[in-house]
Asks: 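Following this message is one structure expressed as structure tokens.
Chain identifiers are assigned alphabetically (A, B, ...) following the order of the sequence lines, protein sequences preceding nucleic acid strands; residue numbering begins at 1 within each chain.
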Amino acid sequence: MTENDGYFLIALIVLPLLSAVSLMIIPSKERALIVGLTAISSLVMFFVSIYVFMAYSFDGSTFQGVMSYPWVENVGLLGENGISLKVGIDGVTASLVLLTGIVVLPGTWVSWKIQHRLKDFFILFYILTAGVYGVFVLLDLFFWFLAYETALLPMYLLIAVWGSTRKEYGAMKLMMMLMAGSIPIFVAIFALFAEVGLGTFDMEVLLSASKDEHFQKIFFPLVVIGCGTLGAMFPFHSWSPDGHAAAPTAVSMVHAGVLMKVGAFGVVRLGVQMMPEGALFWGPALVALGITAALYGAISALRQTDMKMLMGFSSISHMGYVFVGLGTMNVIGMTGAVLQMTAHGLMTALFFLLIGAMYDQSHNRDLPNFSGLAKQMPIWSVFFVFASLASLGLPGLSGFIAEVHIFIGAFRSYPIVGGLAVLTAAITTTYLMRALAQAFFGEANPKWDSLNEMTWIERSGAAVLVGAILLLGLWPSPWIDRIAPSLSQIPGLMM
Amino acid sequence: MTDIFGQTLNLNYVLLLPEIVLLIFSMLVIGIDAFKRQLNISGNVPVGLALAGLVVALTLSILQVNMDEDFARLIQVDSFTSFFRILFIAITLVLIVGSHEYIEKSVSHVGEFYGLLLLATVGAMLMASARELLTAYLAIELLSFSLYIAVSLARSDRRSGEASLKYVLLGGVASASLLYGLSMIYGVTGATQYHEISAVLSAGDTGLTTPLLLGLVLIIVGLGFKASAVPFHMWTPDAYEGAPIPVTAFLSATSKAATIALFLRWFGGPLLPIASDWQFILSGVAVATMVVGNLVALQQVNIKRLLAYSSIGQMGYMLMAIVAVGSGFGSDATSAVLVHLAGYIITNLLVFISVTHFFNQTGQEEITSFKGLAQSNPYLALMITAGLFSLAGMPLLVGFFTKFILFQAVVSAGHLGLVTVAVVASTVSLYYYLMVVRQMYLYEPEDGTEQWRLSLTGYVTTLALFVSLVVFGLWGTPLYAAADAAAAGMF
């Protein structure tokens, strides 16, 4: 990446914010203008994300495209470069930026059919997007946390105003749990600044500064609990099914697809990269929590009837793999964890897009109410089966490549956990097949004869995600070549 | 000129010009209002005079920014003083411009009301600039007495009189306690000048531990009352609820800020040598204030009471930073308090002025009456939401930046435990702010979706405050630099 590519990283934050501001000015009656503007800006973000991902290539320096503007310095507590607007990405964030670009594009498309206050929806949606991009590209802890909170806050209104099924309850529960999750992060950030004592929030400086081992052991779990809440880590996951069930389609897509990855990424950046000794110490606990979540989520998913609840628990299970991978503390396992973030993000976004496409017509998501949908909505069903296959880890699709890495990493460090992880994959197959058998095959229920096939917009959105899933599944090396070298820079990591 | 001890006194009256101008204008406003029928002058003259006085005083204060000089060893005009002078005058200015319709409609004795606001501003300015205990005490009383009356001036609202009476009685007790405490300090050290007290106390053991501690406790009680610190906060919700809304705003902004200024002057100056004696008391008070303020706010149904408890919670954060001042972290902690104070005031003014306009239109102040405001007046709903989110310390707004700096200062001074409580409390606060936001955005208005607009001055003031909310939220450098310069004047 050349130095000037930093402008593209800044553009990733500025574009969605600019779109949100322009939307504020457009009168809400002008639907065509709103649709046009969001179409352009989501497409531009999509291509900039791809460019940024392609431009990154590991060449010895972890962070690339680094650009820094001093913001607040040499006053009070703050010394040189106290707070600076600093951007830059490593291999992990390069792949997550790409994921965000891919998910936001179809997320924008499927939201165009919203009738109620479309403009306000997109304003909040793009503020959220700006926050997500910010978390990935910002390299200053003050702005990092600012972006983190910016990504959370719009969720409340997005769910409470545009959601369904107990939306107020779901929104408030999600909001309060995620905000409670930022308490330990907030505290850990302050402690980190004070511990390093250089008067700067520059993350590159903080990453390379030496930190006391006891300090790392105390504050690593705080970061894991805080970011883990957003990553739906067991036992801080209970907002996830309720929140997902209540959220509107695009919000579910972005939330499960990207926002949960922000949490897991927080564990990587603030946890493992910032406090490697703490991570080594607490690694086993992370693996234990991860595998518990994987099993617990999968077993709970067996009993769900609401499709979105099913996906909520399935997400908990899949995010469990991520934490197993992070806890292995070897490069293969951690690479798998980051791949799993991307894979799960794509796959779950596809699921929520499909569920939304059906729910908008039927206003019903209960699996027992459906049967033989494959006859009524054949194309929709093909997509759904494809998503299920990706989710259960069929070779050739994205889930496989990620899970294989995690399993190998887990077997290296904790063989028993590796075994349990494989068992989880089997349970995953069971609940997905059960859902498919119940709703898609068998006699068609005449009650649902009126259901229409997906619109062309929805098909294109699904196709984008399917393409990405296939690409990652069949040709994962662009991802692995970027992720693995960046992670191998973490001190104390086994190969 | 020399005093009775033969020391030369600096009687440079220029130093007091902002205060003198405000005093003259307050008398003019009250005087003219008394004779407005006989003189046959329009109703706009009092507000015009008040604004003119404020603008002149503001200009003079800005001209004196770089001064560091004392007046007769009673008043110190330094950067700390200038910071608060500008802040206080600006608050009054914004309040009057933003809510003059309310004042003309819902306040009895309009002229006296403006005059009292100016007098209270002078009191607050003197509190920040005093360098001697008795001057500080007189300044407190000037502020308090003006406010005792102003609280009672809500037209046709019986709660107003009740609120005023409660405030007077409890305020009197607090003042007595404060004065008694000051007399103890004087008794122990034999001085009322801050720097002399500091010198005596840092010279070593005075041998009079009991009266010193008693004095400290009494001072904390007295100031704690003014700052609405728990457990001396009981008057706050009643006074806030009964007072005319601009006075409530004044109580939550100027009165609180002046008290914090005094806290900083006293606990960062004369009382700093005995920090170990008061730090644990203030820690306890700060924790109680943060916890009680934010928890009790959860069950409020009246917006003014809600904001009262929320401001109690906010005072807890600042008291926590006073503890950090005692940990040899004076200048950094002070600038952090000042920056948070400024951010809090901008935010609070935005919320209160928005609520004032809401009340002008609807006559309601229950939280449920905000139902559907996002449809009947989306602009005002956005203003209130931004203000509440900023109070909760949400990003993109000034509250996030200032809270971040404040908490960081306290952690750097070694009080991680206190900050943990503060962060938890501030998360709780988000819940009750969201309850208001929920009413505005999730529900339909009860009486149809009839759109209404603000007055021009309403738009101007709220928009100006909103813009500074966002600008300082994203680029807090000027605010922090000003606060840092002010703090540097003290240490």
Side-chain angles (χ1 to χ4, degrees), chain A residues 17 24 28 70-78 82-83 85 117 120 127 130-131 134 141-143 145-154 156-157 160-161 163 167-168 171-172 175-195 197 199 201 218-219 222, chain B residues 329 331-336 338-339 374-375 378 382 385 389 392-397 400-401 403-405 407-414 416-417 419-420 422-431 434-435 437-438 441-443 473-485 487-488:
Chain A
L17 276 184
M24 284 178 197
S28 38
W71 213 251
V72 187
E73 57 179 5
N74 296 327
V75 281
L77 302 154
L78 304 171
I83 294 175
L85 184 65
R117 292 157 83 177
D120 301 340
I127 290 177
L141 213 43
F142 171 82
F143 279 109
F145 192 64
L146 189 141
Y148 183 90
E149 299 264 286
T150 309
L152 300 189
L153 198 57
Y156 176 75
L157 285 174
V161 177
K167 54 186 183 179
E168 275 186 48
M172 192 54 105
M175 200 64 214
M176 290 324 289
M177 280 196 73
L178 295 188
M179 282 297 161
S182 37
I183 296 172
I185 306 177
F186 216 3
V187 172
I189 289 175
F190 296 138
L192 189 66
F193 177 88
E195 162 73 20
F201 284 104
I218 294 170
F219 286 97
L222 283 190
Chain B
F329 220 69
S331 155
D332 286 349
T334 304
S335 62
L338 295 185
V339 80
Q375 285 172 49
L382 177 69
T385 306
F389 277 167
M394 288 295 116
L396 306 178
L397 303 165
F400 179 84
F401 173 73
K403 213 178 247 185
F404 199 94
I405 296 293
F407 289 0
Q408 183 63 67
V410 180
V411 172
S412 298
L416 189 67
V419 168
T420 309
V423 176
V424 173
S426 101
T427 307
V428 171
S429 76
L430 180 65
Y431 181 82
L434 274 181
M435 298 309 271
V437 174
R438 207 170 68 117
Y441 283 90
L442 299 195
Y443 301 120
L474 292 175
W475 190 58
T477 313
L479 210 58
Y480 198 14
D484 198 45

Asks: Taking A:Phe145, A:Phe143, A:Trp71, A:Phe186 one by one, which has the highest count of heavy-atom pairs under 4.5 Å against chain B?
Replies: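 With the most close heavy-atom pairs to chain B, the winner is A:Trp71.
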Asks: Answer with side chain, backbone, both or neither: which region of A:Leu153 has an atom nearer than 4.5 Å to a non-hydrogen atom of chain B?
Replies: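 Answer is side chain: those atoms of A:Leu153 sit under 4.5 Å from chain B.
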Asks: Mind checking side chain to side chain contact (heavy atoms under 4.5 Å, CB included) for B:Ser426 and listing every partner two or more places apart, or none if nothing turns up?
Replies: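 So B:Ser426 forms a side chain to side chain contact (heavy atoms under 4.5 Å, CB included) with B:Tyr317, B:Lys403, B:Ser429.
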Asks: Counting only non-hydrogen atoms closer than 4.5 Å, does B:Ser331 touch chain A with its backbone (N, CA, C, O), its side chain (CB onward), both, or neither?
Replies: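 Answer is neither: B:Ser331 stays 4.5 Å or more from chain A.
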Asks: For side chain to side chain contact (heavy atoms under 4.5 Å, CB included), just list the numbers for A:Phe142 and B:Gln408, CA-CA rounded to whole Å, side-chain angles, deciding distance to a tenth of an Å, and then say yes or no.
Replies: CA-CA 11 Å; A:Phe142 171 82; B:Gln408 183 63 67; over 6 Å; no
Asks: What part of A:Glu73 gets within 4.5 angstrom of chain B, counting heavy atoms only: side chain, backbone, both, or neither?
Replies: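 Contact with chain B is absent: no heavy atom of A:Glu73 under 4.5 Å.
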Asks: Quick one: salt bridge (charged side-chain N to carboxylate O under 4.0 Å, His left out) partners of B:Asp484, sequence neighbours excluded?
Replies: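 Testing B:Asp484 for salt bridge (charged side-chain N to carboxylate O under 4.0 Å, His left out), a comparison that skips the adjacent residues, returns none.
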Asks: Under 4.5 Å, counting heavy-atom pairs only, tell me which of B:Val410, B:Leu416, B:Val437, B:Thr334 racks up the most with chain A.
Replies: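 That would be B:Leu416.
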Asks: Give the minimum heavy-atom separation between B:Val411 and A:Ala194, together with the two atoms involved.
Replies: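 Shortest heavy-atom contact: CG1-CB, 4.1 Å.
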Asks: Shortest non-hydrogen contact from A:Gly76 to B:Ser335?
Replies: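 Minimum heavy-atom separation between A:Gly76 and B:Ser335: CA-OG, 4.0 Å.
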Asks: Would the B:Phe404 and A:Phe201 ring centres measure less than 6.0 Å apart?
Replies: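 Yes, close enough.
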Asks: Specify whether B:Phe407 and A:Phe190 have parallel, tilted or perpendicular ring planes, treating 30° as the upper limit for parallel and 60° as the lower limit for perpendicular.
Replies: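 Plane angle over 60°, so perpendicular.
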Asks: State whether the number of non-hydrogen atoms from other residues, nucleotides or ligands found under 6.0 Å of B:Tyr443 atom OH is greater than 12.
Replies: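 Count over threshold, so yes.
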Asks: Rounded to the nearest 0.5 Å, how far does CZ of B:Phe400 lie from OG1 of A:Thr150?
Replies: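 Reported value, rounded in 0.5 Å steps: 7.0 Å.
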Asks: Counting heavy-atom pairs closer than 4.5 Å to chain A, which one of B:Val419, B:Leu434, B:Val339, B:Leu430 comes out on top?
Replies: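 The answer is B:Leu434.
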Asks: Please assess B:Phe401 against A:Val72 for the test side chain to side chain contact (heavy atoms under 4.5 Å, CB included), listing each intermediate value before the final yes or no.
Replies: CA-CA 11 Å; B:Phe401 173 73; A:Val72 187; 4.2 Å; yes
Asks: Measure distances from A:Leu85 to the heavy atoms of chain B and classify the residue's part below 4.5 Å as side chain, backbone, both or neither.
Replies: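 For A:Leu85, there is no contact with chain B at all, as no heavy atom is under 4.5 Å.
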Asks: What part of B:Leu396 is in contact with chain A, defined as an atom under 4.5 angstrom from a non-hydrogen atom: side chain, backbone, both or neither?
Replies: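 Both parts, backbone and side chain.
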Asks: To the nearest 0.5 Å, what is the distance between OH on B:Tyr431 and CE on A:Met172?
Replies: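 Result: 5.0 Å between the selected atoms.
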Asks: Kindly determine whether B:Tyr480 and A:Leu77 satisfy side chain to side chain contact (heavy atoms under 4.5 Å, CB included), including the steps that lead there.
Replies: CA-CA 10 Å; B:Tyr480 198 14; A:Leu77 302 154; 4.0 Å; yes
Asks: Any chance you could measure A:Met179, atom CE, to B:Met394, atom CE, to the nearest 0.5 Å?
Replies: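 Atom-to-atom, A:Met179:CE and B:Met394:CE are 4.0 Å apart.
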Asks: Shorter than 4.5 Å, heavy atoms on both sides: which option in A:Gly82, A:Ala180, A:Ala160, A:Ala171 has the most such pairs with chain B?
Replies: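 Between A:Gly82, A:Ala180, A:Ala160, A:Ala171, the count favours A:Ala160.
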Asks: Checking side chain to side chain contact (heavy atoms under 4.5 Å, CB included) for the pair A:Tyr156/B:Arg438: CA distance, chi angles, key distance, verdict?
Replies: CA-CA 9 Å; A:Tyr156 176 75; B:Arg438 207 170 68 117; 3.1 Å; yes
Asks: What pair of heavy atoms forms the shortest contact from B:Thr427 to A:Met176, and how long is it?
Replies: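 It is O-CE, 3.4 Å.
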Asks: Counting only non-hydrogen atoms closer than 4.5 Å, does B:Thr477 touch chain A with its backbone (N, CA, C, O), its side chain (CB onward), both, or neither?
Replies: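 Contact with chain A: backbone and side chain both.
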Asks: Which answer fits B:Ala481, side chain, backbone, both or neither, if we ask what part of it has an atom under 4.5 Å from a heavy atom of chain A?
Replies: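 Both parts, heavy atoms under 4.5 Å.
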